[in-house]
Amino acid sequence: MDPKQKLTLIIAGALCGLVIVALAALLVMQVGAMNEAKAARTAAENTIDSQNGVKPYPSAANRDIRVADGEAADAWADKARTLLTHGLDYPRGETPSQFVSRIGQTVRELNDRQPQLIVAGQQQVMDYSFGSYVVQGTMPAEANVPRLAAQFAVIEYVCDLLLDNGAVSITAVERETFDAAAAKPAEETRTTSRRRRRSSDEDEEAKPVLGGALDPVLAKDGVTRETYAIRFTAPYATVAKSLNALTTNALFVVVTDLSARTPVSLAARVDELTKKRQSARTNASRRAAAQAQGKPAADEALFATATPAERLVSDPERATPLEVTLRFDVYSAAPEPEPAPTAPEKEGK
């Protein structure tokens, strides 16, 4: 073989070696990519298998639970609405004059049950937030009579409840005075400027003096709320009995605030009782010393022999009546109308 052939053979062998090395490198790279693809495929397969192995939601059991929860919620809502439709029994369809005459008689009966309202032989005027009709003799607007009658029924009911349970007296009553603008004095309409002031005052007085905005969800369902505040004087037992009665009656009452205070100063009461006991003990010691011919009497606690009424802290039955302010809301809703009877289908000829 001549040198030229040998050179050609060497060059061809080198080129074939380079091609083989390149193909080997590509093979190694493709094997790595294949392993990565296989691992990704295996992971995806495992994910699909795990997802397919999970029980579907909602299952039949889940659906049954949700349906039962919905039925329970509907039953609770129906029960609550039924409670909201339980109102008080009072005359409906009264004329303004009939309403004023009736509440005037009821106010006198309530006042007669409270001897504490009689001062110097004359009975104080307690109008239960209806003074413009009971005292001044103003006639309400006919459109306002149904709501006024409902408000007075609640006030009468709660006041009777308090007095029946032992309240000493009812001192003040507040309600949502939606009808305050109707009681404005007529003199304010004489001039244009006074009419403007009257219009502004009416807008302010027409707003409820108590409570706040009703929840839109309740308002959408036709629920109404009236807010009241009653201040009265009563022992603790009366307050407890009355609150328990409000929670068990058919009227939907929500107590929003209850505050009580004693009308006497505790410090002054302590000083008064202490001085009385000290004076009584001094006199008893003198008498005992005189009987014992100068021997000192044995010391004992200041209130050791005091009766329950003479103790610094007495039991609720003997305690001074409390001055109580009770604020509450009364929710109500009109009963749902009865479904109209369906006409019987006519048989075809």
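- When every heavy atom of Leu88 is checked against every heavy atom of Ala153, the shortest pair comes out as CD1-O, 3.4 Å.
- Partners of Phe328 by ring pair (Phe, Tyr, Trp, His ring centres under 6.0 Å), not counting sequence neighbours, listed by chain and number: Tyr228.
- In this structure the side chain of Arg92 never reaches within 4.5 angstrom of the side chain of Pro146, judged on heavy atoms.
- Salt-bridge check for Arg113 with Asp160: passed, with a basic side-chain N closer than 4.0 Å to an acidic carboxylate O.
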Show your working on side-chain contact (heavy atoms from CB on, under 4.5 Å) between Ile230 and Glu174 and close with a plain yes or no.
CA-CA 6 Å; Ile230 297 180; Glu174 297 179 48; over 6 Å; no
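- No side-chain heavy atom of Ile170 sits under 4.5 Å from any side-chain heavy atom of Leu110.
- Expressed to the nearest 0.5 Å, how far CG of Leu148 lies from CZ of Phe99 amounts to 4.5 Å.
- Remark: Ile20 CD1 to Leu18 CG distance equals 9.5 Å, nearest 0.5 Å.
- When all heavy atoms are compared, the tightest approach of Ala167 to Ala234 is CA-CB, 3.7 Å.
- Residues satisfying the ring pair (Phe, Tyr, Trp, His ring centres under 6.0 Å) criterion with Phe232, sequence neighbours excluded, are absent altogether.
- Note: the hydrophobic cluster containing Val145 also contains Phe178 (ILVMFWY, side chain heavy atoms under 4.5 Å, direct or indirect links).
- Separating the CG atom in Asp215 from the OH atom in Tyr331 is a distance of 8.5 Å, to the nearest 0.5 Å.
- Remark: the backbone N or O of Ser132 is paired with a side-chain donor or acceptor of Thr138 at under 3.5 angstrom.
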Mind running side-chain contact (heavy atoms from CB on, under 4.5 Å) on Leu27 and Leu23 for me, showing each step along the way?
CA-CA 6 Å; Leu27 179 62; Leu23 291 174; over 6 Å; no
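- The closest side-chain heavy-atom distance from Val239 to Leu258 is below 4.5 Å.
- In this structure, a donor-acceptor pair under 3.5 Å is absent between the side chains of Tyr157 and Asp89.
- Glu109 CD: more than 12 foreign heavy atoms inside a 6.0 Å radius.
- Two residues are said to be in side-chain contact when any heavy atoms from C-beta on lie closer than 4.5 Å; Val330 and Val254 fail this criterion.
- Contact annotation: the side chain of Asp49 approaches that of Glu45 to within less than 4.5 Å [non-hydrogen atoms, C-beta and beyond].
- A cation-pi geometry, defined here as NZ or CZ lying under 6.0 Å from the six-membered ring centre and within 45° of its normal, holds between Arg175 and Phe130.
- Within the 3.5 Å criterion, the main-chain N or O of Thr325 finds no donor-acceptor partner in the side chain of Arg327.
- Between the side chain of Gln105 and the backbone N or O of Ser101 there is no donor-acceptor pair closer than 3.5 Å.
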Starting from the C-alpha separation in whole Å, work towards a yes-or-no answer on side-chain contact (heavy atoms from CB on, under 4.5 Å) for Asp2 and Gln5.
CA-CA 6 Å; Asp2 58 2; Gln5 291 178 342; 2.7 Å; yes
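- Asn249 CG to Leu83 CG: the interatomic distance, rounded to the nearest 0.5 Å, is 10.5 Å.
- Counting heavy atoms from C-beta outward, Val253 and Asp329 have side chains that stay 4.5 Å or more apart.
- Residue Leu15 is grouped with residue Leu7 when hydrophobic side chains (ILVMFWY) are merged at heavy-atom distances under 4.5 angstrom, including chains of intermediate members.
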Hey, mind stepping through Ser169 and Gln114 against side-chain contact (heavy atoms from CB on, under 4.5 Å) and telling me if it holds?
CA-CA 6 Å; Ser169 61; Gln114 306 171 64; 3.6 Å; yes
For residues 37-44, run the donor-acceptor check on the side chains, cut-off 3.5 Å, and write out each pair with its distance to 0.1 Å, sequence neighbours left out.
unit_1	atom_1	unit_2	atom_2	d
Thr42	OG1	Lys38	O	2.8

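- Of the charged side-chain nitrogens involved, at least one lies within less than 4.0 Å of a carboxylate oxygen, so that Glu176 and Arg147 count as a salt-bridged pair.
- Following chains of ILVMFWY side-chain contacts shorter than 4.5 Å, one cannot reach Leu243 starting from Val168, and the two form parts of different hydrophobic clusters.
- Side-chain atoms of Ser279 never come within 3.5 Å of backbone atoms of Lys276 as a donor-acceptor pair (strictly under, hydrogens ignored).
- Taking 4.5 Å as the limit, every side-chain heavy atom of Val134 sits out of range of all side-chain heavy atoms of Val100.
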Glu94 and Arg102: salt bridge (charged side-chain N to carboxylate O under 4.0 Å, His left out), yes or no, with the steps?
CA-CA 10 Å; Glu94 292 179 311; Arg102 180 176 64 84; 2.7 Å; yes
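- Listed for the Gln136 side chain is no donor-acceptor partner under 3.5 Å among the backbone atoms of Tyr133.
- Between Leu326 atom CG and Leu162 atom CG the span is 7.0 Å, to the nearest 0.5 Å.
- Counting heavy atoms from C-beta on, the side chains of Ser332 and Thr85 never come closer than 4.5 Å.
- Using a distance-only test at 3.5 Å, with no hydrogens or angles considered, no donor-acceptor pair links the side chain of Thr233 to the main chain of Glu323.
- Pairing each heavy atom of Leu161 with each of Ser242, the nearest pair is CD2-O, 3.9 Å.
- If you take CG on Leu84 and NZ on Lys79, they are separated by 12.5 Å, rounding to the nearest 0.5 Å.
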